[in-house]
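Within every chain, numbering begins at 1; the chains are lettered A, B, ... in the order of the sequence lines, protein sequences first and strands thereafter.
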Amino acid sequence: MSLDFTPFIPSLPYILEGIFVTLKIVLLAGVLGFALGIILSLFKISSIKILLWIADIYTSIFRGTPLVLQLMLIYYGSPQVFGYQIQPYTAAILSFALNSGAYVSEIIRAGILAVDKGQREAAQALGVPYGKMMWDIILPQALKNILPALMNEFITLTKESAIVTTIGVMDIMRRSYQVGAENYSFFEPLLIAGLIYYLMVITLTFLGKALERRMRRSD
Amino acid sequence: MIKVEDLHKSFGKLEVLKGITTSIQEGEVVAIIGPSGSGKSTFLRCLNLLEIPTSGRVWIGEEDVTDKKTNIMKVRQNVGMVFQHFYLFPHKTVLQNLTYAPMKVKGLSKDEAEKIAYALLEKVGLSEKANEYPTRLSGGQKQRVAIARALAMQPNVMLFDEPTSALDPEMVKEVLEVMKSLAHTGMTMAIVTHEMGFAREVADRVLFLDDGVLVEDAPPIEFFSNPKSKRAKDFLEKML
Ligand SMILES: Nc1ncnc2c1ncn2[C@@H]1O[C@H](COP(=O)(O)OP(=O)(O)O)[C@@H](O)[C@H]1O
Ligand SMILES: [Mg+2]
């Protein structure tokens, strides 16, 4: 096996710029997906049947079809659905947010159900209305318990974001591929991409652990 | 203060309360005793509508809380409840446990709420724990905080559901002491308990519940020395 990285050194900054593209997509999609996940999880534990159904059907569809398909449907379908072609970047954020919302809602739902039922009763007995009880008492405790699972979902999102390359987003993946094409050699730039993804995941894992420690202060 | 009229509660086919009628005067301390599963908790929980009665009526003060038009949240603000397992909010400090509902529910300012909270913490002997998280407290301390948390809403009535049953024996006394001094302030209290000595000493009346029926309702001297029903006799023999 022969490896020669020297021809790729000039292209390194170009590939590294992809980190910001990837991070921007993942962060925005992560935040939107998390918000959507909270809403869907509240639907799922609601006593209103129709909300429950909506959330369950939503989750079932987004978990039951490939993410790359969802991405392409949103990107290529936008002219027919929205009446204009959305940016690849927008399609990427949208599809990742919608998809991760489905997964995150399941995680949060489980987290809410794992909070001692007595917490709810204690809040009710104090006259705390449902919304405040959920927001101030139940969700914070649920989130603390599911932080590792959420972090996992976020890491998955980071790795899977490489598929946005299929609709032409200039992320780490696409940039390394381009550089490979220019040099008629894909192996080295793809290895570089792999290393970048790996370092990102390691960093996220580390940040997640630190956050978890901070949240466990009250134990 | 509290009036209960022909209160029934069923869970599915299981009828847990079979028509309970009683009342509790303002400032009265009532001990509710009876075998496990007799419906004591359910009875208490019907008073602040943690359980919705199947039929019958409950008045708290002037308000018919079983009336559909009654604002349950408002009622609960006036009825404090203390649970066997404390249920302190683990992600909030002791002080925040006490100030949360007064601020978020009654709309008190932080200053007002903290003033009340510190005064209550002093009363239950836990001033120095204000900034601790509940996990750092012993069972007895947790239960005293839970009592203070309920009192922070400045309720007219306090309900206790076996407040000392989850405690190690050496911590029972400190909680009973707090309850005793609360009783002396003239608070209206309904206490489900297995502490017969406490019931005898502090209660104005004892309600004996068996199988969803209010079998006896008498002053403690009368109840403990001369129970009328066989079921109460049997129960007391087992307890003492
Ligand atoms: N939420 C509920 N669903 C079904 N059954 C219940 C529920 N709560 C209590 N019960 C039943 O009602 C009966 C009385 O319970 P409870 O009021 O807790 O009795 P006690 O407090 O006197 O021990 C028990 O048989 C219990 O299993
Ligand atoms: Mg009970």
Side-chain angles (χ1 to χ4, degrees), chain A residues 34-35 37-38 41-42 45-49 104 107-151 207-219, chain B residues 41 44-45 47-52 71-94 96-107 131-137 142 145-155 157-161 166:
Chain A
F34 182 60
I38 289 182
S41 67
L42 292 176
I45 59 162
S46 144
S47 50
I48 304 167
K49 281 275 187 308
V104 167
I107 298 174
I108 298 177
R109 188 188 71 96
I112 290 174
L113 293 182
V115 174
D116 193 328
K117 165 166 144 295
Q119 291 292 315
R120 227 180 151 117
E121 297 197 335
Q124 284 175 340
L126 288 164
V128 180
Y130 185 83
K132 284 178 182 164
M133 171 184 83
M134 273 301 166
W135 192 250
D136 296 329
I137 306 296
I138 306 299
L139 276 176
Q141 295 183 55
L143 291 182
K144 193 170 124 177
N145 293 332
I146 59 175
L147 200 62
L150 284 178
M151 213 52 214
L207 288 177
K209 288 261 173 349
L211 187 62
E212 216 175 302
R213 266 196 304 278
R214 237 187 85 93
M215 299 270 285
R216 298 228 171 269
R217 233 178 2 178
S218 57
D219 290 350
Chain B
S41 297
L44 213 58
R45 293 158 60 85
L47 299 183
N48 67 349
L49 301 182
L50 282 184
E51 304 291 356
I52 304 301
N71 181 346
I72 295 180
M73 291 298 158
K74 266 272 179 309
V75 172
R76 287 178 180 155
Q77 290 174 37
N78 283 320
V79 182
M81 184 159 202
V82 174
F83 301 86
Q84 182 176 355
H85 296 287
F86 333 124
Y87 301 138
L88 295 178
F89 305 134
H91 60 303
K92 294 186 180 293
T93 64
V94 166
Q96 289 165 347
N97 263 277
L98 266 63
T99 55
Y100 172 72
M103 284 165 66
K104 288 293 179 98
V105 179
K106 279 169 85 178
N131 296 309
E132 295 279 13
Y133 284 95
T135 36
R136 304 282 303 274
L137 305 179
K142 280 183 196 165
V145 171
I147 293 171
R149 177 178 68 178
L151 289 172
M153 287 297 280
Q154 306 185 305
V157 180
M158 284 285 282
L159 310 176
F160 296 81
D161 193 357

- Counting heavy-atom pairs under 4.5 Å to chain A, which of B/T93, B/V75, B/L88, B/V79 comes out on top? B/L88
Using distance only, find each side-chain donor-acceptor pair of residues 121-134 of chain A under 3.5 Å and give its atom names and separation, not counting sequence neighbours.
{"unit_1": "A/E121", "atom_1": "OE1", "unit_2": "B/R45", "atom_2": "NH1", "d": "2.8"}
{"unit_1": "A/E121", "atom_1": "OE2", "unit_2": "B/R45", "atom_2": "NH1", "d": "3.3"}
{"unit_1": "A/E121", "atom_1": "OE2", "unit_2": "B/R45", "atom_2": "NH2", "d": "2.7"}
{"unit_1": "A/K132", "atom_1": "NZ", "unit_2": "B/K104", "atom_2": "O", "d": "2.7"}

- Item | OH-CG distance between B/Y87 and A/D116, expressed to the nearest 0.5 angstrom | 5.0 Å
- Query: Who passes side chain to side chain contact (heavy atoms under 4.5 Å, CB included) against A/N145, sequence neighbours left out?
  - Reply: none
- The reported gap from CD1 in A/I137 to OH in B/Y100 (rounded to nearest 0.5 angstrom) is 4.5 Å
- Item | Donor-acceptor pair, side chain of B/H91 and main chain of A/I138, under 3.5 angstrom | no
- Query: Which bit of B/F83 comes within less than 4.5 Å of chain A, counting heavy atoms only: side chain, backbone, both or neither?
  - Reply: side chain
